[in-house]
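Worksheet for the structure shown next.
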Amino acid sequence: MDVLLDRARLRDARDTLKTAKADFDDAASINDRLEDAIGNPQGKSRLRDRVGWFEANWSGNRDDLKEAVENVYKRLDGIIDGWDEWEAEATASLEVKEGGS
């Protein structure tokens, strides 16, 4: 039985998850800057208040998603590392056998 594993694609997926995690980490500060940029046009704060409301409601969901992304990232990283280690050990073992023959 052959096992085909495209580690380049797995690494791309891992990198994408890393970027997503960073985006989740930055979201709160981006929202703060957005609220500051909105300010109180014409003395009204309704839009700014809605942005703040959205952030408050989204924050818990974002934390849950960030945790899920981190968990998938860690598992994927473990798979990649495990296969890389296995490949290095298998290669070293073959080299020893070929050199000892």
Side-chain angles (χ1 to χ4, degrees):
M1 174 170 63
D2 291 335
V3 176
L4 299 176
L5 187 66
D6 188 343
R7 281 180 283 162
R9 290 181 85 177
L10 290 177
R11 285 185 180 95
D12 287 344
R14 181 185 59 188
D15 292 345
T16 299
L17 290 170
K18 186 175 183 178
T19 300
K21 182 189 168 303
D23 289 344
F24 281 128
D25 288 339
D26 294 342
S29 65
I30 291 170
N31 189 76
D32 291 344
R33 291 193 307 268
L34 177 60
E35 285 184 56
D36 290 342
I38 291 170
N40 294 311
Q42 299 178 345
K44 299 183 185 212
S45 64
R46 190 170 179 194
L47 178 58
R48 181 186 173 128
D49 293 344
R50 291 298 287 173
V51 170
W53 174 87
F54 176 82
E55 169 58 23
N57 286 302
W58 172 236
S59 182
N61 293 329
R62 184 177 57 244
D63 289 343
D64 292 343
L65 285 170
K66 186 173 96 171
E67 183 179 336
V69 166
E70 284 181 37
N71 288 335
V72 173
Y73 175 88
K74 288 175 185 176
R75 288 183 174 102
L76 189 54
D77 195 45
I79 291 168
I80 292 167
D81 287 347
W83 276 97
D84 287 347
E85 288 174 22
W86 175 84
E87 183 180 55
E89 290 171 7
T91 300
S93 176
L94 286 175
E95 289 172 354
V96 167
K97 286 181 183 178
E98 289 175 358
S101 298

Trp83 and Trp86 aromatic ring geometry - parallel, tilted or perpendicular at 30°/60° bounds: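 Judged by the thresholds at 30° and 60°, the geometry between Trp86 and Trp83 is perpendicular.
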Atom pair CD1 (Ile80) and CZ (Arg9), whose distance is rounded to the nearest 0.5 Å: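 Reported value, rounded in 0.5 Å steps: 13.0 Å.
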Any side-chain to backbone donor/acceptor pair from Thr16 onto Asp12? Under 3.5 Å, distance only.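 Such a contact is found between Thr16 side chain and Asp12 backbone.
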Would you check if the side chain of Ser59 reaches a backbone N or O of Glu55 as a donor-acceptor pair within less than 3.5 Å?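 No, Ser59 side chain to Glu55 backbone: no donor-acceptor pair under 3.5 Å.
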How far apart are the C-alpha atoms of Asp84 and Arg11, what are their side-chain angles, what is the distance that settles it, and do they pass the side-chain contact (heavy atoms from CB on, under 4.5 Å) test? CA-CA 11 Å; Asp84 287 347; Arg11 285 185 180 95; 2.7 Å; yes
List the atom pairs, donor and acceptor, that lie under 3.5 Å between side-chain atoms in residues 26-42 and the rest of the protein, sequence neighbours left out.
from, atom 1, to, atom 2, distance (Å)
Ser29, OG, Asp26, O, 2.9
Asn31, ND2, Glu35, OE2, 2.9

Please name all residues satisfying side chain to side chain contact (heavy atoms under 4.5 Å, CB included) with Asp25, sequence neighbours left out, ordered by chain then number.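 Checked Asp25 against side chain to side chain contact (heavy atoms under 4.5 Å, CB included); matches are Lys21, Lys66.
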Going only through I, L, V, M, F, W and Y residues with side-chain contacts under 4.5 Å, is there a path from Leu47 to Trp58?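 Different hydrophobic clusters.
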Kindly list each side-chain donor-acceptor pair under 3.5 angstrom involving residues 68-79, sequence neighbours excluded, with atom names and distances?
from, atom 1, to, atom 2, distance (Å)
Asn71, ND2, Glu67, O, 3.3
Asp77, OD1, Arg14, NH1, 2.7

